[in-house]
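Note that this is a predicted model, so its numbers are computed, not measured.
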Amino acid sequence: MQPLPGFRDFLPDDCAQRDYITTQWRRSAKCYGFVEFDGPALESAELYEKKNSGGEILSQLYSFRDRGERSVVLRPEMTPTLARIIGSHHRSFLKPLRWFNIGHCYRYEKPQRGRLREFLQLNCDLLGESSPAADAEVIGLLIDIFKSVGLGPRDVVIRLSDRLVWQQFLQDHDLPDEKMREILHIVDKIEREPQSKTEEKLAACSSSLSVKMLQQFIKEAKAPSLAPLLQELSARGLRDYIQVDLSIVRGLAYYTGVVFEAFSLQGGLRALAGGGRYDHLIHHLSDGAANMPAVGFGMGDTVLLDFITSIPSAAEKKASYLAANAPCQIYLVIADETYREEAIMLASQLRREGWRVLFPLSTERVSKQFSNAQAARATLAIVIGAEWPLLKIKHLNTREEEEITPEHLFKKLAGELQSRQGTFP
RNA sequence: GUGGCCGUAGCUCAAUGGUAGAGCUCCAGGUUGUGGUCCUGGCUGUUGCGGGUUCGAGUCCCGUCGGUCACCCCA
């Protein structure tokens with residue numbers, strides 16, 4: 001039996017790596033005062049129909065009828081759920097809200113690498129504040145997440161743009177607002193499509209615009225509205241990560257202002273995260289129950305993990321986290337079965353103090369026990385045998401051995417635990 | 001949804017149309033209380049599945065399922 005197409009099993013090693021990602025996500029989000037929320041994976045289909053009035057989107061939804069004949073959908077993204085929750089609970093919270101979520105989302109598409117039908121996503125949203133300071137907080141958080149996993153300005157870039165700039169562009173060329181969506185779609189593709197196709201699409205949309213004019217406008221990258229945001233990012237020391245790029249407009253219809261995408265600079269340009277400002281969506285999705293400006297972003301786990309693994313310094317950082325969180329810290333070697341009971345008592349005591357401890361469940365040769373200790377990636381072995389009531393401890397990395405009393409052992413470990421506490425809370 | 005490539009042991013892969021194999025992993029040993037090496041032995045298959053061609057198919061053909069890459073799409 002295999003999992004369904006586009007779904008994955010997570011073996012312990014996969015879980016450990018995912019734990020690394022989600023731990024860094026949580027840590028960074030909390031540093032910015034974001035609080036975690038969650039909602040159901042299964043939602044009413046109505047929630048998504050409202051936003052996208054039917055069409056193709058629905059065919060990419062995991063949708064079905066439940067036993068109560070309700071039309072239901074596995075959430076394809078978090079934002080509608082967030083908007084729904086905000087709509088009915090926003091009066092209970094002081095504004096602005098800083099909320100984040102880590103959860104599985106689903107889409108019924110043909111699976112390929114980094115694009116499965118079930119994926120884990122981080123969403124961070126700042127609601128109820130329309131100033132550029134809010135944009136800067138959110139983008140600052142995004143960058144700090146990259147920093148936390150060892151990615152620097154040589155590894156990732158945030159391409160920043162503003163839809164208001166394009167709105168102004170349309171006005172300056174006497175084009176109606178209705179053309180906005182079409183033009184943005186063309187801009188979105190301008191890098192990826194051959195010029196002839198872009199020209200064709202542009203001609204169908206407007207007679208007064210040329211591809212050259214668009215390209216020139218993008219090249220000039222004049223975006224005065226972004227100045228306050230850029231200033232805030234400079235104050236955070238994050239300007240190195242930012243590149244103003246007006247060709248970034250994002251595919252989604254609901255963005256109203258600042259939009260941004262994070263890309264990998266090495267190993268081909270891959271989108272690692274994306275987001276922007278959506279000032280009307282909450283109002284729309286909550287049926288007017290709430291009305292507040294919002295800015296946020298989403299980031300998937302698989303592409304990020306792939307990328308981290310391909311960057312040596314980031315891979316090293318991941319490896320040291322995994323080593324520090326190995327399944328076993330202390331392995332008790334029972335060299336003489338006579339002392340099994342003493343060993344069990346010692347193990348229990350160590351476990352009560354929070355150490356990850358293993359010992360052989362049945363009689364094993366000492367050489368086998370050391371072998372197992374290493375396989376479990378323990379850093380310390382404690383041999384219990386003839387020297388009792390003394391213990392022989394062996395540092396498995398340095399192979400150094402010493403004999404100490406149990407009391408001394410606990411004192412030593414207590415110091416160790418304290419000094420490590422700052423490393424991985 | 002469209003097209004290309006690929007499906008052989010748990011993993012990585014061999015096998016001119018002619019008896020399905022290797023390495024790694026795993027398990028058990030190498031007699032006294034010390035772990036990445038080494039030596040010995042052992043387990044593992046409906047060759048993804050279903051048809052067809054052939055004396056004979058892992059190999060050729062068709063279908064199907066799954067994987068992968070590129071489009072499409074991206075909430």
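Looking at heavy-atom distances under 4.0 Å, Gly6(A) makes contact with sugar-phosphate atoms alone, never a base. Here Glu109(A) lies in heavy-atom contact (under 4.0 Å) with a base. Among the heavy atoms of the strands lying under 4.0 Å from Pro76(A) is at least one base atom, whether or not backbone atoms are also near. Among the heavy atoms of the strands lying under 4.0 Å from Glu387(A) is at least one base atom, whether or not backbone atoms are also near. Looking at heavy-atom distances under 4.0 Å, Ala381(A) makes no contact with the nucleic acid at all. Across all strands, Val333(A) comes closer than 4.0 Å to no nucleic acid atom at all (heavy-atom distances).
Both tests do not hold together for Arg117(A) against Tyr106(A): distance to the six-membered ring centre under 6.0 Å, angle to the ring axis within 45°. A cation-pi arrangement, defined by a distance under 6.0 Å to the six-membered ring centre and an angle within 45 degrees of its axis, is absent between Arg98(A) and Tyr32(A).
Each of Phe370(A) and Leu4(A) lies near RNA chain B, and the nucleotide nearest Phe370(A) is the one positioned closer to the 5' end. Place Gln374(A) and Met78(A) on RNA chain B by their nearest nucleotides, and Gln374(A) ends up nearer the 5' end.
Phosphate contact (OP1/OP2 of C69(B), side-chain N/O of Arg115(A), threshold under 4.0 Å): absent. An OP1 or OP2 oxygen of A28(B) is reached within less than 4.0 angstrom by a side-chain nitrogen or oxygen of Lys368(A).
Side chain Arg399(A) to base G35(B): a donor-acceptor pair is found below 3.5 Å.
Closest contact between the side chain of Val366(A) and the listed nucleotides G67(B), U2(B), U34(B) involves U34(B).
Aromatic pair Trp99(A)/Phe93(A): centroids less than 6.0 angstrom apart.
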